**Q** 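Below are the structure tokens for one structure; questions will follow.
The model shown is predicted, which means the values in this text are computed figures rather than measured ones.
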Amino acid sequence: QLSRRLGRTQAALPQIQAIWAFDAAGHPLVASTVTPVPAGLDNSDRDYFRAQVTHDAGTFIGDIVQAKIGGFRFFVMSARRPERPGGGFNGIVAISVLPGHFREFYGRLSHGVADSFGLVRSDGAFLARFPAAREGLDVLGLEAAAALTAQRTREPRCLVEQFGVAVVRGVRPPRRGDDVERDAPAG
């Protein structure tokens, strides 16, 4: 029954890929997408789990990981489950999110607003970006914005910062022949 309730919550939020609850050892208790949960699965090695073990890290957003079940990549937001009756760590609730959802959203948002957007962790790691990264290329200033975010520098390209992540934007500088130069007064 709890799995069905989690499934209804997941269905209402298209950015969510799955909702899981893990015990204190990192084994699944319930999931929105898999019934029954795999008995041999152990996620205690994941950053989103480890961050919650020794202390309550609040809402923690992990790095992008490869699924142990299925072939997709995702990142996870985790929070501690309520403590055991006698106190102590009792596991986590984990919500997995597909980066592609944000990439598509940023693609729709970028028209007329910015040339690129990125969802960046406080350590500078990208969780999602539009357009997709190309090897060796700073996608319209996003790498610089991510580096500044990691240095905790507040700068105009950082639009929102919360839970250890920031939304950053990149704007292509005007090129010779762009309307900006054509409209400039002659001097």
**Q** Donor-acceptor pair, Gln52 side chain versus Thr59 backbone, under 3.5 Å?
**A** no
**Q** On a heavy-atom basis, which atom in Ala94 and which in Phe22 lie closest, and how many Å separate them?
**A** CB-CE1, 4.0 Å
**Q** Between Phe117 and Tyr106 (judged by ring centroids, cut-off 6.0 Å), do the two rings come close enough to count as a pair?
**A** yes
**Q** Kindly compute the distance separating CD1 (Ile19) from CD1 (Ile95), expressed to the nearest 0.5 Å.
**A** 5.5 Å
**Q** Determine the minimum heavy-atom distance between Gly62 and Asp47, stating which atoms define it.
**A** CA-OD2, 3.4 Å
**Q** CG of Leu2 to OG1 of Thr35: how many Å apart, nearest 0.5 Å?
**A** 9.5 Å
**Q** Can you give me the closest heavy-atom contact between Gln17 and Thr33, atom names plus distance?
**A** O-CG2, 3.5 Å
**Q** Is there a donor-acceptor contact under 3.5 Å from the side chain of Arg80 to the main chain of Val53?
**A** yes
**Q** Distance check, rounded to the nearest 0.5 Å: Tyr48 atom OH versus Ser96 atom OG?
**A** 8.0 Å
**Q** Assign the ring pair Phe89 / Phe49 to parallel, tilted or perpendicular, where the plane angle (0 to 90°) is split at 30° and 60°.
**A** perpendicular
**Q** Identify the heavy atoms of Asp42 and Ala25 that sit nearest to each other, and give their distance.
**A** OD1-O, 3.5 Å
**Q** For Val97 and Phe74, what are the C-alpha separation, side-chain angles and deciding distance, and is it a side-chain contact (heavy atoms from CB on, under 4.5 Å)?
**A** CA-CA 6 Å; Val97 180; Phe74 59 94; 6.0 Å; no
**Q** Run the side-chain contact (heavy atoms from CB on, under 4.5 Å) check on Asp45 and Lys68 step by step: do they pass?
**A** CA-CA 12 Å; Asp45 61 329; Lys68 291 182 179 180; 2.8 Å; yes
**Q** Under the criterion side-chain contact (heavy atoms from CB on, under 4.5 Å), which of Leu119, Leu109, Val167 is the partner of Phe102?
**A** Leu119
**Q** Can any side-chain N or O of Thr9 pair as donor or acceptor with the backbone N or O of Arg5 at less than 3.5 Å?
**A** yes
**Q** Donor-acceptor pair, Ser32 side chain versus Leu6 backbone, under 3.5 Å?
**A** no
**Q** Would you say the ring centers of Phe126 and Phe75 fall short of 6.0 Å from each other?
**A** no
**Q** Does Asn43 reach the main-chain N or O of Arg46 with its side chain, forming a donor-acceptor pair under 3.5 Å?
**A** no
**Q** If you take all heavy atoms of Ala21 and Arg81, which pair is closest and at what distance?
**A** CB-CD, 4.4 Å
**Q** Is it the case that the side chain of Ser3 and the backbone of Val30 share a donor-acceptor pair, with hydrogens and angles ignored and the cut-off at 3.5 Å?
**A** no
**Q** Salt bridge or not for Asp63 and Arg73, using N-O below 4.0 Å?
**A** no
**Q** Is there a continuous path of hydrophobic side-chain contacts, each under 4.5 Å between heavy atoms, that joins Val37 to Leu29?
**A** no
**Q** Which pair of heavy atoms, one from Leu127 and one from Val165, lies closest together, and at what distance?
**A** CD1-CG1, 3.8 Å
